[in-house]
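See structure below.
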Amino acid sequence: MARYEIIGGKPLTGSVTVSGAKNAAVAILPAALLVAGTCRIENVPDISDVRILLDILEGMGAKISREETNVVQIDCTHITSTNPNPMLVRKMRASYYLMGALLGRFGRADVALPGGCNFASRPIDQHIKGFLALGAEVDETEDYVSMEPGPNGLNGNRISLDMASVGATANIMLAEVLIPGQTVIENAAKEPHIVDLANFLNTMGARISGAGTDTVKIRGVEALTGGAYAIIPDQIEAGTYMAAAAATGGNVLVCNVIPKHMERISSKLQEMGAEVTEYDDAIRVKTTQRLRHTTVKTRPYPGFPTDMQAQLCVCMALSSGVSRLTESVYETRFFGYCTELASMGADILINGKTAIVTGKESLQGATVYAHDLRAGAALVIAGLAAEGTTRVENIHFIERGYENLVQKLTGLGANIRRVED
Ligand code: EPU
């Protein structure tokens with residue numbers, strides 16, 4: 001068991017470099033299954049979700065080597081199994097992308113249902129709807145999804161998603177790139193990692209257009225060949241350091257960001273009184289006075305991301321006045337951290353989809369438990385801002401998605417260490 005011990009109350013200062021985007025990496029690595037050739041993928045974050053995926057792919061016959069920590073070469077020319085190790089698949093959420101990738105490359109897949117952060121009910125009915133529309137026969141049990149081509153084989157189709165699901169949009173793209181015909185995904189998700197996946201696949205020879213809009217078109221091609229690709233910077237990791245700078249009254253230059261992806265986060269922090277300065281590929285967040293209250297509603301991209309809800313809540317908990325934070329993607333997401341923040345002195349009242357946060361002058365250190373990745377990141381920010389010592393337990397959740405968190409925060413002057421029992 002490991003935990004973070006944080007002695008808080010010190011403003012973060014200096015610069016920090018953001019890693020490659022987790023949610024792009026966890027889609028792009030399974031996408032390599034579609035490529036008969038070598039993919040050289042740069043800017044791959046060294047996080048536990050990525051390590052698990054690489055183990056899964058290796059177990060299926062992929063040849064994997066690392067040139068350096070963040071550069072991975074994957075050759076999936078000789079895949080020997082369409083049944084990835086269920087124990088590993090259940091360790092993470094994004095293993096559902098193996099379904100689309102295997103269906104697309106081999107016309108069949110036997111994949112355990114995914115595990116990962118369970119902060120809400122996270123069905124995959126829209127993914128299955130997409131696979132069925134492409135002509136797959138799907139056998140879904142309580143813990144497995146098996147697919148093979150239906151009587152008319154696999155063909156492109158028009159699919160209208162009931163909600164703009166990131167996972168379903170990406171999974172249908174993966175399934176379609178190698179099958180005949182054209183697929184049109186309507187009400188597609190527009191998140192930056194959807195665009196990154198499309199760019200990766202197009203670099204390897206796919207024909208995808210419209211990624212980043214609500215209509216994505218994919219025309220099947222005969223084969224994908226290898227190539228080189230660099231993953232975009234992580235929008236949520238960047239936002240987490242921006243929120244940490246604001247909550248601690250710090251002055252931090254967050255480097256390796258795409259400022260366009262950060263617009264909603266930047267504007268909310270500005271509204272709360274932080275000075276936010278954009279550069280070509282960096283953003284400075286400087287706070288010289290107590291933050292002001294605000295109102296936020298999470299929405300799919302380009303709205304304020306649900307994955308920044310918890311981190312912004314910490315800023316609200318320290319601001320002057322009463323803030324309102326409404327969640328519209330995952331209603332139960334507050335439960336992962338609000339009680340923990342309350343044990344540090346935060347005043348948060350949950351009323352259905354809205355948290356009403358009455359700001360306090362300070363938070364106090366406590367022992368708190370991460371219940372999922374972003375909830376855990378928020379507890380770290382709270383610990384950095386709080387008076388006294390905070391112990392954050394269950395940090396395996398946090399290490400699923402943040403590369404070198406302790407080193408990066410230490411570089412900003414934080415007093416944080418990772419302690420193993
Ligand atoms: N939904 C369904 N049916 C489906 C798919 C989704 O009802 O088949 C619902 C979900 O329950 C949710 C909404 O649609 O209410 C959106 O879910 P989405 O499919 O977009 O989420 P996801 O693909 O499971 C990804 C990210 C999450 C992020 C969400 C929303 C990955 C691997 N995960 O999840 O990231 O919160 O999109 O942006 O890309 C994180 O990084 O901490 C994280 C949880």
(request) Taking Asn404 for its side chain and Gln407 for its backbone only, find out whether a donor-acceptor pair lies under 3.5 Å. (result) no
(message) Tell me if the CG atom of Asp162 is crowded by more than 12 foreign heavy atoms within 6.0 Å.
(response) yes
(message) Please find the pair of heavy atoms, one from Ile179 and one from Gly104, that lie closest to each other, and give the distance.
(response) CG2-O, 4.3 Å
(request) For Tyr229 and Asn43, test the side chains for any donor-to-acceptor distance below 3.5 angstrom and give the result as yes or no. (result) no
(request) Would you kindly say whether Glu327 and Thr298 are connected by a side-chain donor-acceptor distance under 3.5 Å? (result) yes
(message) Can you see whether Thr294 engages Glu271 through a side-chain donor-acceptor pair at a distance of less than 3.5 angstrom?
(response) yes
(request) Starting at CE of Met99, measure out to CD1 of Ile172 and round the result to the nearest 0.5 Å. (result) 12.5 Å
(request) Answer yes or no: does atom NZ of Lys129 have more than 12 heavy-atom neighbours from other residues, nucleotides or ligands under 6.0 Å? (result) yes
(request) Mind listing the closest non-hydrogen atom pair of Ala211 and Ile194 along with its distance? (result) CB-O, 4.3 Å
(request) Heavy atoms only: give me the nearest Ser81-Ile79 pair and the separation to one decimal. (result) O-CG2, 3.4 Å
(message) Donor-acceptor check, side chain of Thr248 to backbone of Leu12, threshold 3.5 angstrom: yes or no?
(response) yes
(request) Could you give me the CA-CA distance, side-chain angles and deciding distance for Gln73 and Ser65, then say whether side-chain hydrogen bond (donor to acceptor under 3.5 Å, both in side chains) is met? (result) CA-CA 5 Å; Gln73 301 241 32; Ser65 60; 5.1 Å; no
(message) As an exercise, state the distance from CD1 of Ile74 to CZ of Arg66, rounded to the nearest 0.5 Å.
(response) 9.5 Å
(request) State whether the number of non-hydrogen atoms from other residues, nucleotides or ligands found under 6.0 Å of Arg51 atom CZ is greater than 12. (result) yes
(request) Report yes or no: does Lys268 contribute a side-chain atom to a donor-acceptor pair with the main-chain N or O of Val296 at less than 3.5 Å? (result) no
(message) So that I can tick it off, tell me whether Glu42 and Arg40 are bridged by a salt bridge, with the cut-off set at under 4.0 angstrom between side-chain N and carboxylate O.
(response) yes
(request) Drop me the distance from Arg264's CZ to Leu312's CG, to the nearest 0.5 angstrom. (result) 14.0 Å
(message) Between Asn23 and His193 (side chain of the first, backbone of the second, donor and acceptor by atom type, cut-off under 3.5 Å), is there such a pair?
(response) no
(message) Can you see whether Asn202 engages Arg207 through a side-chain donor-acceptor pair at a distance of less than 3.5 angstrom?
(response) no
(message) Out of the candidates Thr82, Asp110, Asp139, only one should pair with Ser146 under the side chain to side chain donor-acceptor pair (under 3.5 Å) rule; please name it.
(response) Asp110
(message) So does Pro233 get a backbone contact from the side chain of Glu237, meaning a donor-acceptor N/O pair under 3.5 Å?
(response) no
(message) Determine whether a donor-acceptor pair (N or O, by modelled atom type, separation under 3.5 Å) exists between the side chain of Arg400 and the backbone of Ser48.
(response) no
(request) Return the minimal non-hydrogen interatomic distance between Asp234 and Lys22, and the atom names on each side. (result) OD2-N, 2.8 Å
(request) Please identify each residue that fulfils ring-ring contact (aromatic ring centres under 6.0 Å, His included) with Tyr97, with sequence neighbours left out. (result) none
(request) Return yes if a side-chain donor-acceptor contact under 3.5 Å exists between Lys408 and Ser19, otherwise no. (result) yes
(request) Indicate yes or no: does Asp49 engage Arg93 in a salt bridge with an N to O separation below 4.0 Å. (result) no
(message) Looking at Gln235 and His261, would you say the former's side chain and the latter's main chain have a donor-acceptor pair under 3.5 Å?
(response) yes
(request) For the pair Gln182 (side chain) and Ile218 (backbone), establish whether a donor and an acceptor sit closer than 3.5 Å, ignoring hydrogens and angles. (result) no
(request) Could you tell me which non-hydrogen atom of Val216 sits nearest to which non-hydrogen atom of Gly210, and how far apart they are? (result) CG2-O, 3.9 Å
(request) Classify the side-chain pair Gln309/Tyr337 by whether it contains a donor and acceptor separated by less than 3.5 Å. (result) yes
(message) How long is the straight-line distance from CZ of Arg90 back to CE of Met92, given to the nearest 0.5 Å?
(response) 14.5 Å
(message) Ring centres under 6.0 Å, that's the criterion: do Phe397 and His371 meet it?
(response) no
(request) Give a yes-or-no answer on whether the side chains of Arg158 and Thr183 include a donor-acceptor pair shorter than 3.5 Å. (result) no
(message) Exactly one of Arg418, Glu399, Arg417 should register a side chain to side chain donor-acceptor pair (under 3.5 Å) with Tyr4. Which one does?
(response) Glu399
(request) Kindly compute the distance separating NE2 (His127) from CG (Leu103), expressed to the nearest 0.5 Å. (result) 13.5 Å
(message) Whether the side chain of Thr169 engages the backbone of Ala188 through a donor-acceptor N/O pair (distance < 3.5 Å, no angle test) should be reported.
(response) no
(message) Is it the case that atom CD in Glu67 sees more than 12 heavy atoms from other parts of the structure closer than 6.0 Å?
(response) yes
(message) As an exercise, state the distance from CZ of Arg333 to OG1 of Thr306, rounded to the nearest 0.5 Å.
(response) 4.0 Å
(request) Would you tell me whether Asn70 and Glu403 have side-chain atoms, one donor and one acceptor, within less than 3.5 Å of each other? (result) yes
(request) Given side-chain contact (heavy atoms from CB on, under 4.5 Å), test Asn251 with Arg284 step by step and report yes or no. (result) CA-CA 7 Å; Asn251 180 353; Arg284 180 177 295 283; 2.8 Å; yes
(message) Suppose we screen for side-chain hydrogen bond (donor to acceptor under 3.5 Å, both in side chains). Which residues come up paired with Tyr241, at least two apart in sequence or across chains?
(response) none
(request) Indicate whether any N or O donor in one side chain lies under 3.5 Å from an N or O acceptor in the other, for Tyr402 and Arg374. (result) yes
(request) Compare every heavy atom of Thr77 with every heavy atom of Ala36, then report the nearest pair and how far apart it is. (result) C-OG1, 3.7 Å
(message) Test your reading of the model: is there a side-chain donor-acceptor pair from Ser95 to the backbone of Val89, 3.5 Å cut-off?
(response) yes
